Amino acid sequence: MADQGKTLTASRLANDTAPAVAEAFAEHQRRFQEITRRARSRFDTRDWRAMVGDAVERLDLYGAVIDAVEATIRDRLGDGIDDRDTWTGIKAVYSGLIGDRDDREIAETFFNSVTRRIFATVGVDANIEFVETDADRRRGPVATLGITRVDRTAGSAAAMAEHIVRTGMPGASFDDLATHAGRAADRVETALGEPPTALEIVSTPFFRRKGAYLVGRALGANAEVPFALALLHDDRGVGVDAVLLGENDLSILFSFTRSHFHVDAGPPSALVSFLKRLMPRKPLAEIYIAIGFHKHGKTELYRDLLRHLSTTDGRFDFVPGTPGLVMVVFGMPGYDVVFKIIRDEIPAAKTVTRSSVMQKYRLVFRHDRAGRLVEAQEFEHLRFDRDRFTEQLADELGRACGRHVAVTQDAVVVHHAYVERRVTPLDVYVRSAMPPSRVAAVVDFGQSIKDLAATNVFPGDLLPKNFGLTRHGRVVCYDYDELGMLLDFTFRDLPQSTLEDDSFEEAWFGAAPYDVFPEEFPRFVGLPRDLLDAFEDRHRDLYEARSWREIQRRIAEGEIVDIFPYAESRRLSG
């Protein structure tokens with residue numbers, strides 16, 4: 001009888017608790033969509049500051065909803081909060097409650113977020129977590145995506161392009177749309193190699209920062225080309241600013257170094273499936289993250305890691321590059337992500353703490369990344385087999401990160417890590433690349449510093465080892481130890497020495513912790529003379545304190561500075 005009573009109690013608790021989790025998820029999705037749908041009105045009214053504010057509000061929403069439902073569940077379950085039999089029942093009931101949703105994969109991840117809050121599970125526990133999604137195997141509607149299609153019967157390619165834009169942005173006040181559509185159609189037709197027979201776009205625009213993007217594909221008799229039309233709204237109205245063509249252009253638009261899109265396009269899985277067809281090399285995780293579902297993107301990243309481990313005998317090892325004083329960084333050959341773990345003891349030479357480093361990563365997550373900051377996913381309690389690590393790496397993790405990594409004879413348990421896409425360290429690249437590529441990378445290095453400044457970010461440490469190149473050759477920052485808000489720094493002109501001998505190493509003048517002397521940058525970037533010359537040819541203004549103070553002024557006055565996720569050559573005016 002006692003066992004039966006215990007079973008009934010667990011069953012009742014499951015039937016009482018699971019709906020609370022399902023209701024919290026539904027509330028999250030409702031508020032997520034509400035914020036997302038504001039994007040069109042922000043674009044129409046050119047309220048760019050509100051657009052940026054909405055992006056931060058939406059990022060913060062997930063944690064706030066999880067906090068609230070966790071408190072509710074703890075109140076309901078009391079001392080039984082960590083009873084796994086009860087949670088096995090909760091999962092089963094919850095699975096039935098979300099069976100008819102067209103965002104079931106997102107709902108599963110939400111449940112996992114709740115259970116990992118409660119249990120701090122090491123590795124995975126299939127009894128209380130959705131390890132592999134069963135969304136596709138359940139009943140419920142087939143997820144469909146709204147697609148706008150216009151066929152050649154509508155007229156010329158220019159007429160087709162104009163129809164696509166008007167349909168995608170109904171009610172917009174356009175600036176010379178016929179001319180813009182004609183130029184855009186010419187570029188699409190050139191890329192396709194033949195007149196298009198049809199154009200397809202996702203019916204809802206993708207909004208981010210000051211831009212709106214119509215994303216789809218051009219279909220011909222013998223080929224198809226992914227494309228995106230970049231729309232801007234200025235004093236003259238809405239115009240087509242650029243045409244992005246091919247997988248690489250779209251991959252850069254949806255890069256892991258950029259902030260998330262606001263797009264109200266219906267079922268996430270259907271949108272992701274369509275985008276995956278346009279960008280087959282882009283991981284599912286990155287596509288989910290790009291459209292705002294960063295927690296499920298993290299889930300997909302972890303599942304991909306498990307699949308990789310099950311199909312290879314590769315071992316984790318240190319990644320190429322200069323070892324960091326703050327973090328141990330490792331990865332696996334042939335796998336496109338790296339793991340970063342904060343060291344237990346940070347040398348006195350670095351004026352940072354574990355807490356401050358974590359705050360910097362939180363800042364990067366919530367801030368506009370301008371295509372120049374690598375987004376990191378925060379993981380806890382990852383368990384790996386010990387034999388998947390090289391001896392040197394396992395020894396280093398145990399020695400340098402022992403407070404947050406447990407290394408035993410059989411396993412390595414990483415209690416806290418940041419996981420990022422792998423990039424090629426800039427200092428490694430410029431030592432090995434051919435001269436034209438080295439110069440291009442250094443020039444883009446300077447541009448990356450300017451792009452970050454335009455979003456109120458100063459990297460702090462400008463050494464090339466803190467920057468890297470993506471597979472598209474874009475320079476990005478991935479080391480955030482010294483990163484801060486640009487407005488927090490004071491950019492000063494270097495005082496003129498009145499001493500006879502000024503060849504000393506130490507500064508002879510006073511400087512506060514946040515004082516920066518741009519004239520000294522050439523001493524610190526560590527580039528050989530030929531590359532420094534190339535850098536200075538394009539970016540000598542980075543040595544001028546007045547240039548930095550000018551961008552500070554613009555930011556302080558509330559300006560949202562233009563930063564385009566495409567090359568000048570993609571612009572219709574380029």
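Position 1 is the first residue of the sequence, and the numbers go up from there. These values consider heavy atoms only, across backbone and side chains, with no hydrogens, waters or symmetry-generated copies. Everything numeric here is computed off the predicted structure, so don't read it as measured data.
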Q.
With a 6.0 Å cut-off (strictly less than), is the heavy-atom count around CZ of R149, excluding the residue itself, greater than 12?
A. yes
Q | Those residues that, when tested against V439, pass side-chain contact (heavy atoms from CB on, under 4.5 Å) (two or more places apart) | A | V443, L531, A534
Q. What pairs with D47 under side-chain contact (heavy atoms from CB on, under 4.5 Å), at least two apart in sequence or on another chain?
A. R42, T45, R49, A50
Q: With sequence neighbours left out, write down each residue that passes ring pair (Phe, Tyr, Trp, His ring centres under 6.0 Å) with F379, or none if nothing qualifies.
A: none
Q. Among all residues two or more places apart in sequence or in another chain, which pass the side-chain hydrogen bond (donor to acceptor under 3.5 Å, both in side chains) test with T197?
A. none
Q) With sequence neighbours left out, which residue pairs that include part of residues 361-371 fulfil the salt bridge (charged side-chain N to carboxylate O under 4.0 Å, His left out) condition? A) D60-R362, D60-R366, R209-D368, R369-E375
**Q.** Validation row, ring centre H308 to ring centre Y335 under 6.0 Å
**A.** yes
Q. Do Y62 and F32 have ring centres separated by under 6.0 Å?
A. no
(Q) Does anything in residues 422-440 form a side chain to side chain donor-acceptor pair (under 3.5 Å)? List the pairs, not counting sequence neighbours. (A) T322-D427
Q | Aromatic plane relationship, F535 with F445 - under 30° parallel, 30 to 60° tilted, over 60° perpendicular | A | tilted
**Q.** salt bridge (Lys or Arg N to Asp or Glu O under 4.0 Å) against D44, all qualifying residues, sequence neighbours excluded
**A.** R40
Q) Without hydrogens or angle criteria, can the side chains of Y480 and D461 be said to hold a donor-acceptor pair below 3.5 Å? A) no
Q) With F274, which residues qualify under ring pair (Phe, Tyr, Trp, His ring centres under 6.0 Å), at least two apart? A) none
Q: Establish, for the pair R208 and F261, whether the NZ or CZ atom is under 6.0 angstrom from the six-membered ring centre and no further than 45 degrees off its axis.
A: yes
Q | Between F491 and F458, ring centroids under 6.0 Å | A | yes
Q: Only counting residues at least two apart or in another chain, list the ones meeting side-chain hydrogen bond (donor to acceptor under 3.5 Å, both in side chains) with N112.
A: none
**Q.** Residues that D176 engages under side-chain hydrogen bond (donor to acceptor under 3.5 Å, both in side chains), provided they are two or more places apart
**A.** T179
Q.
Applying side-chain contact (heavy atoms from CB on, under 4.5 Å), can you list everything that pairs with A223, at least two apart in sequence or on another chain?
A. L192, E194
Q | Sequence-distant partners of T470, side-chain hydrogen bond (donor to acceptor under 3.5 Å, both in side chains), two or more places apart | A | none
